[in-house]
Peer 1: 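I am attaching a structure below and will ask some questions about it afterwards.
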Amino acid sequence: SAVYTDKEEVVLWMNTVGPYHNRQETYKYFSLPFCVGTKKTISHYHETLGEALQGVELEFSGLDIKFKDEVMQTTYCEIELDKAKRDAFVYAIKNHYWYQMYIDDLPIWGIVGEADENGEDHYLWTYKKLEIGFNGNRIVDVNLTSEGKVKLVPNTRIAMSYSVKWKKSDVKFEDRFDKYLDPSFFQHRIHWFSIFNSFMMVIFLVGLVSMILMRTLRKDYARYSKEEEMDDMDRDLGDEYGWKQVHGDVFRPSSHPMIFSSLIGSGCQIFSVSFIVIVVAMVEDLYTERGSMLSTAIFVYAATSPVNGYFGGSLYAKQGGRRWIKQMFIGAFLIPAMVCGTAFFINFIAMYYHASRAIPFGTMVAVCCICLFVILPLNLVGTILGRNLSGQPNFPCRVNAVPRPIPEKKCWKWKCIVCLFCRYFIFTSFWAYKIYYVYGFMMLVLVILCIVTVCVTIVCTYFLLNAEDYRWQWTSFLSAASTAVYVYMYSFYYYFFKTKMYGLFQTSFYFGYMAVFSTSLGIMCGAVGYVGTSAFVRKIYTNVKID
């Protein structure tokens with residue numbers, strides 16, 4: 001987005017072409033037999049990491065455009081239409097192909113051609129009429145009109161032409177993207193209604209949880225203190241049950257502590273990345289630049305690696321883990337390995353299909369370097385800090401030497417019902433509304449999601465401990481993380497009923513990245529649930545008098 005002087009070159013970039021009904025399927029613009037303009041060289045061009053990862057490849061159109069320089073209709077090249085080229089264009093027109101171009105970072109779309117009513121004759125639009133609005137010395141608006149319908153007949157020459165008209169515009173440079181956003185968004189009361197609904201639901205849920213727990217815990221405390229006053233004889237006869245009984249086992253290390261602490265560390269990191277990226281997006285308008293959202297996310301992910309090391313490392317140390325270097329490696333590469341693995345797999349398919357979403361080899365190398373030389377060292381720093389600052393097991397109760405047997409209780413039905421009910425709550429809070437570019441909304445969704453997750457896992461854990469089952473760590477993590485299963489199931493529904501995707505490439509692209517998204521969401525929710533529940537468990541066992 002440059003400041004131009006009069007007569008300075010303005011570059012028209014050709015980006016992609018693909019079917020209108022399926023925005024995910026894109027190919028290079030010149031994969032269709034369009035011809036290139038006469039101008040061969042341009043003075044500057046750069047590509048960001050985010051653009052490369054999203055497969056944004058810009059190719060120069062060859063059109064000669066200069067700032068504030070009017071161009072009357074001019075032929076810039078001719079297409080020699082043999083049978084193969086005609087077939088390519090007919091296929092594109094039948095499938096409603098449209099193409100995307102950029103001028104000064106502003107996207108412009110045009111349709112390739114159209115068929116007549118009975119679908120026998122196909123016509124190509126040959127004349128690009130560009131109208132560019134400028135405010136002072138900056139470009140603020142671009143419009144394209146396609147004209148010049150020419151019937152596709154084999155072995156003819158088709159002349160492609162363009163014209164450029166410049167007009168003064170009152171649009172401020174900062175507001176030039178407003179026309180691409182969804183302006184009707186704020187006019188819908190329904191969104192505010194659904195947010196308000198979710199918010200009321202959250203308040204209701206938090207109220208419900210705290211009420212249940214306050215009342216039951218108060219009863220429990222009263223019962224336990226009454227038991228304190230009885231003499232030994234009565235206490236032996238008294239019915240001992242409930243969460244107090246497992247106080248000697250509740251802080252026992254979880255099974256598979258290495259994987260568990262790595263998951264918790266990664267979840268805390270994903271949460272901090274989501275939080276920071278949304279805040280940055282609220283402050284800066286990230287949607288105005290191609291790939292900038294992705295570049296920001298990668299940068300923030302690398303920068304927040306110490307968070308992962310700190311939480312994962314300190315938890316592993318608290319659970320008495322010895323092989324902390326292995327734990328650090330697992331924690332550091334858990335998410336990157338999952339994301340890169342999926343991306344490589346999809347990339348092979350994209351290369352096979354020659355789609356524009358294939359990621360260049362150089363970009364892959366760059367990402368691997370970020371993992372090795374940025375993420376790993378920062379993770380190491382976080383791990384060392386975590387082990388030294390909060391790695392001591394300072395639990396409110398001593399852990400018994402011998403694990404207590406877990407009673408066979410018939411409460412698993414309850415547990416299932418509670419878990420299902422809870423997951424439903426978390427799931428609806430997540431999918432109650434679509435997420436647009438309004439990042440304030442996204443922040444609200446994130447906050448609601450976290451509150452609901454914590455409340456729900458606390459209730460699950462309370463039921464579990466009351467059944468004298470002290471294996472609460474994995475339960476709290478998994479009952480929160482299971483939201484991911486719902487999200488992934490919903491993505492199937494969405495794929496079959498809401499999109500028009502087909503073929504191996506699109507299917508693998510959609511389901512691959514949805515799997516990555518769902519898993520990350522699950523790990524994040526699980527970590528949030530565990531951290532909240534852990535605080536709750538600590539609190540209730542601190543208040544109990546134990547001999």
Side-chain angles (χ1 to χ4, degrees), residues 243 246-272 305-338 375-376 378-406 453-454 457-458 460-461 464-465 468-482 484 519-520 522-542:
W243 53 267
V246 290
H247 67 79
D249 295 279
V250 77
F251 295 108
R252 200 172 282 294
S254 61
S255 52
H256 312 293
M258 189 179 288
I259 298 289
F260 186 71
S261 40
S262 304
L263 283 168
I264 297 298
S266 300
C268 294
Q269 185 182 5
I270 295 170
F271 174 76
S272 52
S305 294
V307 173
N308 185 338
Y310 184 87
F311 284 101
S314 66
L315 181 63
Y316 188 59
K318 271 183 190 153
Q319 299 203 342
R322 293 271 171 272
R323 298 155 70 190
W324 65 276
I325 293 185
K326 188 177 173 189
Q327 186 275 321
M328 181 195 75
F329 270 100
I330 293 175
F333 291 133
L334 195 69
I335 303 291
M338 177 182 76
I375 293 179
L376 196 60
L378 287 177
N379 216 306
L380 176 66
V381 171
T383 306
I384 292 171
L385 281 174
R387 289 177 62 80
N388 292 332
L389 294 179
S390 63
Q392 278 65 45
N394 51 348
F395 300 123
C397 310
R398 275 200 317 275
V399 176
N400 293 345
V402 182
R404 176 191 174 92
I406 295 166
T453 305
V454 169
T457 43
I458 286 178
C460 285
T461 305
L464 188 76
L465 293 176
E468 296 178 27
D469 185 345
Y470 51 81
R471 299 168 301 187
W472 61 276
Q473 286 108 326
W474 276 104
T475 308
S476 68
F477 179 83
L478 292 172
S479 67
S482 55
T519 312
S520 309
I523 293 175
M524 181 186 89
C525 287
V528 168
Y530 169 77
V531 169
T533 309
S534 174
F536 163 76
V537 170
R538 265 192 114 76
K539 187 93 187 90
I540 66 173
Y541 284 100
T542 312

Peer 1: What's the separation between atom CG in Asn308 and atom CG in Asn379, rounded to the nearest 0.5 Å?
Peer 2: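 Reported to 0.5 Å precision, the distance equals 4.5 Å.
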Peer 1: Out of the candidates Phe260, Tyr541, Tyr530, only one should pair with Trp472 under the ring-ring contact (aromatic ring centres under 6.0 Å, His included) rule; please name it.
Peer 2: Tyr530
Peer 1: Which one of Ile264, Leu263, Val528 satisfies the side chain to side chain contact (heavy atoms under 4.5 Å, CB included) criterion with Ile523?
Peer 2: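 It is Leu263, the one option of Ile264, Leu263, Val528 that forms the side chain to side chain contact (heavy atoms under 4.5 Å, CB included) with Ile523.
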Peer 1: Has the side chain of Asn400 got a donor or acceptor atom that lies under 3.5 Å from a matching backbone atom of Val402?
Peer 2: no
Peer 1: Do we see a donor-acceptor contact under 3.5 Å between the side chains of Ser476 and Thr457?
Peer 2: no
Peer 1: Using 0.5 Å steps for rounding, measure from the OG atom of Ser534 to the CZ atom of Phe251.
Peer 2: 7.5 Å
Peer 1: How close do Gly386 and Ser314 get, counting heavy atoms only, and between which atoms?
Peer 2: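 What the structure gives for the nearest pair is O-CB, 3.3 Å.
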Peer 1: Does Met258 form a side-chain contact (heavy atoms from CB on, under 4.5 Å) with Arg323? I'd like the steps, not just the answer.
Peer 2: CA-CA 8 Å; Met258 189 179 288; Arg323 298 155 70 190; 3.9 Å; yes
Peer 1: Sort out for me which residue in Gln473, Gln319, Gln327 forms a side chain to side chain contact (heavy atoms under 4.5 Å, CB included) with Ser261.
Peer 2: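 Of all the options given, the one that passes is Gln327.
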Peer 1: Return each pair, listed once, that meets salt bridge (Lys or Arg N to Asp or Glu O under 4.0 Å) where at least one residue sits in residues 383-394; pairs must be two or more places apart or across chains.
Peer 2: none
Peer 1: How many angstroms lie between atom CE of Met328 and atom CZ of Phe333, to the nearest 0.5 angstrom?
Peer 2: 8.0 Å
Peer 1: To the nearest 0.5 angstrom, please state how far the CZ atom of Phe395 sits from the OG1 atom of Thr542.
Peer 2: 11.5 Å
Peer 1: Of the non-hydrogen atoms in Ala484 and Gly522, which two are nearest, and what is the gap between them?
Peer 2: CB-CA, 3.7 Å
Peer 1: Checking Trp474 side chain against Ser255 main chain: does a donor-acceptor pair fall under 3.5 Å?
Peer 2: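 Answer holds: yes.
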Peer 1: With a 4.5 Å heavy-atom cut-off, do Leu465 and Val537 have their side chains touching?
Peer 2: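 Leu465 vs Val537: side chains touch.
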Peer 1: Taking only residues two or more places apart in sequence or in another chain, which ones pass ring pair (Phe, Tyr, Trp, His ring centres under 6.0 Å) with Tyr310?
Peer 2: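 With sequence neighbours excluded, Tyr310 shows a ring pair (Phe, Tyr, Trp, His ring centres under 6.0 Å) to no residue whatsoever.
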Peer 1: Mind checking the CD-CD1 spacing from Gln269 to Ile335? Nearest 0.5 Å is all I need.
Peer 2: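 So the gap between those two atoms works out to 8.0 Å.
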Peer 1: Looking at Pro336 and Ile375, what are the two nearest heavy atoms and their distance?
Peer 2: CG-CD1, 4.4 Å
Peer 1: For the residue pair Thr533 and Phe477, establish whether any side-chain heavy-atom pair is separated by less than 4.5 Å.
Peer 2: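 When only atoms from C-beta onward are counted, Phe477 and Thr533 do not touch, as no gap falls below 4.5 Å.
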Peer 1: Minimum heavy-atom separation for Ala480 and Thr453, please, with both atom names.
Peer 2: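 Taking every non-hydrogen atom into account, CB-CG2, 3.4 Å.
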Peer 1: If I compare all heavy atoms of Ser266 with all of Leu334, which pair ends up nearest, and what's the gap?
Peer 2: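 Between these two residues, the closest heavy atoms are OG-CD2, 3.6 Å.
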Peer 1: What closest approach, in Å, do Tyr470 and Pro403 show between heavy atoms, and which atom pair accounts for it?
Peer 2: OH-CB, 3.6 Å
Peer 1: Step through the shown structure and confirm whether more than 12 heavy atoms of other residues, nucleotides or ligands are within 6.0 Å of OH on Tyr316.
Peer 2: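 Above 12, so yes.
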Peer 1: Can you measure from CD1 (Ile325) to CD1 (Ile330) and round to the nearest 0.5 angstrom?
Peer 2: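 Answer for the CD1-CD1 pair, Ile325 versus Ile330, is 12.5 Å.
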Peer 1: Which pairs count as salt bridge (Lys or Arg N to Asp or Glu O under 4.0 Å) when at least one residue sits in residues 246-268, sequence neighbours excluded?
Peer 2: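 Only Asp249-Arg252 qualify under salt bridge (Lys or Arg N to Asp or Glu O under 4.0 Å).
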Peer 1: Taking Asn388 for its side chain and Ile384 for its backbone only, find out whether a donor-acceptor pair lies under 3.5 Å.
Peer 2: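 Between the backbone of Ile384 and the side chain of Asn388 there is a qualifying donor-acceptor contact (under 3.5 Å).
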